[in-house]
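What follows is a short report on a single structure.
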Amino acid sequence: MKKIAIYPGSFDPVTNGHLDIIERGLNIFDRIIVTIMRNPSKKTLFTVEERMEMLGNSLAEIPNVEVDVFHGLLVDYAAKRKADAILRGMRAVSDFEYEFQMALMNRKLNRDIQTVFLMTGLRWIFTSSSIIKQAAEFGGDIEDMVSPMVCRKLKEKFGFADPSA
Ligand code: COA
């Protein structure tokens, strides 16, 4: 039986830290469905379509990964896709409380779906989409934290695009 995991998130935008978790996850799962979901407490910079495009481009070289979008409860989506687990990345200790709360709520909503946590690579422990967006907004160098396409999109959003590129 093939093992499937859902990797949910806002991905606003996808970063190398997310890609690191997906690559680690593929050592455990046969297939990972990367799903853009809504976190109601977040206002996003990129539209769902832009986020889908950036995910698709960043994951183009990685086999056994699918990109999807779902508006609703994560556990309902996981059941619908017959997933074996929800995959989440854990960075610093500061992630723990929020992740623990979310995993317990998801378990309460559906006892059959497990959450699996993987440690992010050390390089990405202190990165997040927001901190990368903030650096990009003020013209900071973010090239080694996101894929080339995401880097270009961020520069375009904040008016740092190279017109000759
Ligand atoms: N490396 C670097 N950064 C990472 C990372 C990694 N490995 N993993 C997460 N992050 C960052 C993200 O970039 C994001 O940064 P930001 O806050 O600056 O945007 C932050 O950590 C957490 O983001 P993410 O993992 O994408 O979670 P989220 O809070 O955006 O997403 C949902 C949460 C969408 C999964 C959750 O709200 C959800 O399940 N929604 C659906 C509705 C539902 O079922 N709710 C009930 C659940 S209790």
Side-chain angles (χ1 to χ4, degrees), residues 4-29 32-48 50-59 62 65-81 83 85-138 140 142-147 149-151 153-154 157-158:
I4 301 173
I6 306 286
Y7 183 43
S10 310
F11 303 110
D12 186 48
V14 57
T15 71
N16 288 348
H18 294 123
L19 302 182
D20 172 75
I21 292 292
I22 294 166
E23 281 173 350
R24 285 171 199 279
L26 284 168
N27 291 320
I28 301 171
F29 297 100
I32 296 183
I33 307 172
V34 183
T35 310
I36 298 173
M37 305 210 59
R38 205 167 88 80
N39 180 341
S41 55
K42 280 186 183 170
K43 194 177 171 303
T44 57
L45 174 68
F46 292 101
T47 64
V48 169
E50 288 173 316
R51 284 180 274 154
M52 282 281 276
E53 191 190 2
M54 287 184 282
L55 270 171
N57 181 277
S58 303
L59 295 166
I62 309 178
V65 179
E66 172 188 337
V67 179
D68 197 9
V69 56
F70 185 74
H71 303 290
L73 262 189
L74 173 56
V75 288
D76 290 348
Y77 178 75
K80 181 176 137 198
R81 296 302 309 263
I86 292 166
L87 174 62
R88 295 288 293 171
M90 195 71 92
R91 290 165 301 164
V93 183
S94 50
D95 277 349
F96 182 78
E97 209 168 318
Y98 171 64
E99 291 296 337
F100 193 63
Q101 208 177 11
M102 210 153 67
L104 287 179
M105 174 55 86
N106 284 332
R107 191 158 76 191
K108 187 153 179 53
L109 295 169
N110 185 335
R111 297 203 69 79
D112 297 331
I113 294 171
Q114 305 301 328
T115 303
V116 171
F117 294 102
L118 288 180
M119 285 298 301
T120 302
L122 268 182
R123 283 182 76 186
W124 316 115
I125 285 264
F126 293 106
T127 61
S128 71
S129 300
S130 306
I131 207 83
I132 291 172
K133 279 183 281 190
Q134 196 183 114
E137 184 170 358
F138 295 100
I142 46 146
E143 268 166 38
D144 62 347
M145 292 176 241
V146 291
S147 69
M149 187 210 196
V150 173
C151 187
K153 286 270 189 193
L154 279 166
K157 275 277 178 207
F158 294 119

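Hydrogens, waters and symmetry mates play no part in the numbers below; they use all other heavy atoms, side chains included. Note that the numbering runs from 1 along the sequence shown for the chain. Atoms within a ligand are numbered from 1 in the order they appear, just like the ligands themselves.
Checked by atom type and distance alone, the side chain of R51 never pairs as donor or acceptor with a backbone atom of F11 at under 3.5 Å. Put simply, the side chain of K42 never gets that close to the backbone of D12: no donor and acceptor are under 3.5 Å apart.
Using a cut-off of 4.0 Å between Lys/Arg side-chain N and Asp/Glu carboxylate O, E137 and K157 are scored as not salt-bridged. Under 4.0 Å is where a charged nitrogen must lie from a carboxylate oxygen, and between R24 and D20 at least one such pair does.
Numbered from 1 in the order shown, with element, the atoms of ligand 1 that lie under 4.0 Å from a heavy atom of G9 read 26 (O), 31 (O). When each atom of ligand 1 is checked for a heavy atom of I21 under 4.0 Å away, the hits are 7 (N). Residue contact check: L74 has heavy atoms under 4.0 Å from atoms 39 (O), 43 (C), 44 (O) of ligand 1.
In summary, the side chains of Y7 and T35 do not present any donor paired with an acceptor at a separation below 3.5 Å, with no hydrogens or angles considered.
Ligand 1 has G72 within reach: a non-hydrogen atom of the residue lies less than 4.0 Å from it. In this structure, S128 is part of the shell of residues with a heavy atom less than 4.0 angstrom from ligand 1. Ligand 1 is approached by L73 to a heavy-atom distance shorter than 4.0 Å. Look at Y77 and you'll find every heavy atom at least 4.0 Å from all atoms of ligand 1. Using 4.0 Å as the threshold, R88 has a heavy atom nearer than that to some atom of ligand 1.
Of the protein's non-hydrogen atoms, H18 CD2, 3.8 Å is the one closest to atom 8 (N) of ligand 1.
Here Y98 has side-chain heavy atoms under 4.0 Å from ligand 1, and that is the only part of it that gets that close. The side chain of N106, and not its backbone, has at least one atom closer than 4.0 Å to an atom of ligand 1 (non-hydrogen atoms only; side chain from C-beta on). No part of K133 comes within 4.0 Å of ligand 1, judged by heavy-atom distances.
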Determine all donor-acceptor pairs shorter than 3.5 Å in which one atom belongs to a side chain in residues 114-125; sequence neighbours excluded.
residue, atom, partner, partner atom, Å
T120, OG1, M90, O, 3.2

Would you list the atom pairs, donor with acceptor, under 3.5 Å between side chains in residues 91-107 and any protein atom, with sequence neighbours excluded?
residue, atom, partner, partner atom, Å
R91, NE, D95, OD2, 3.0
R91, NH1, T127, O, 2.7
R91, NH2, D95, OD1, 3.0
D95, OD2, R91, N, 2.8
Y98, OH, N39, ND2, 3.4
E99, OE1, R88, NE, 2.9
E99, OE2, R88, NE, 3.4
E99, OE2, R88, NH2, 2.8
N106, ND2, M102, O, 3.3

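The distance criterion of under 3.5 Å between nitrogen or oxygen atoms is not met by E99 with respect to ligand 1.
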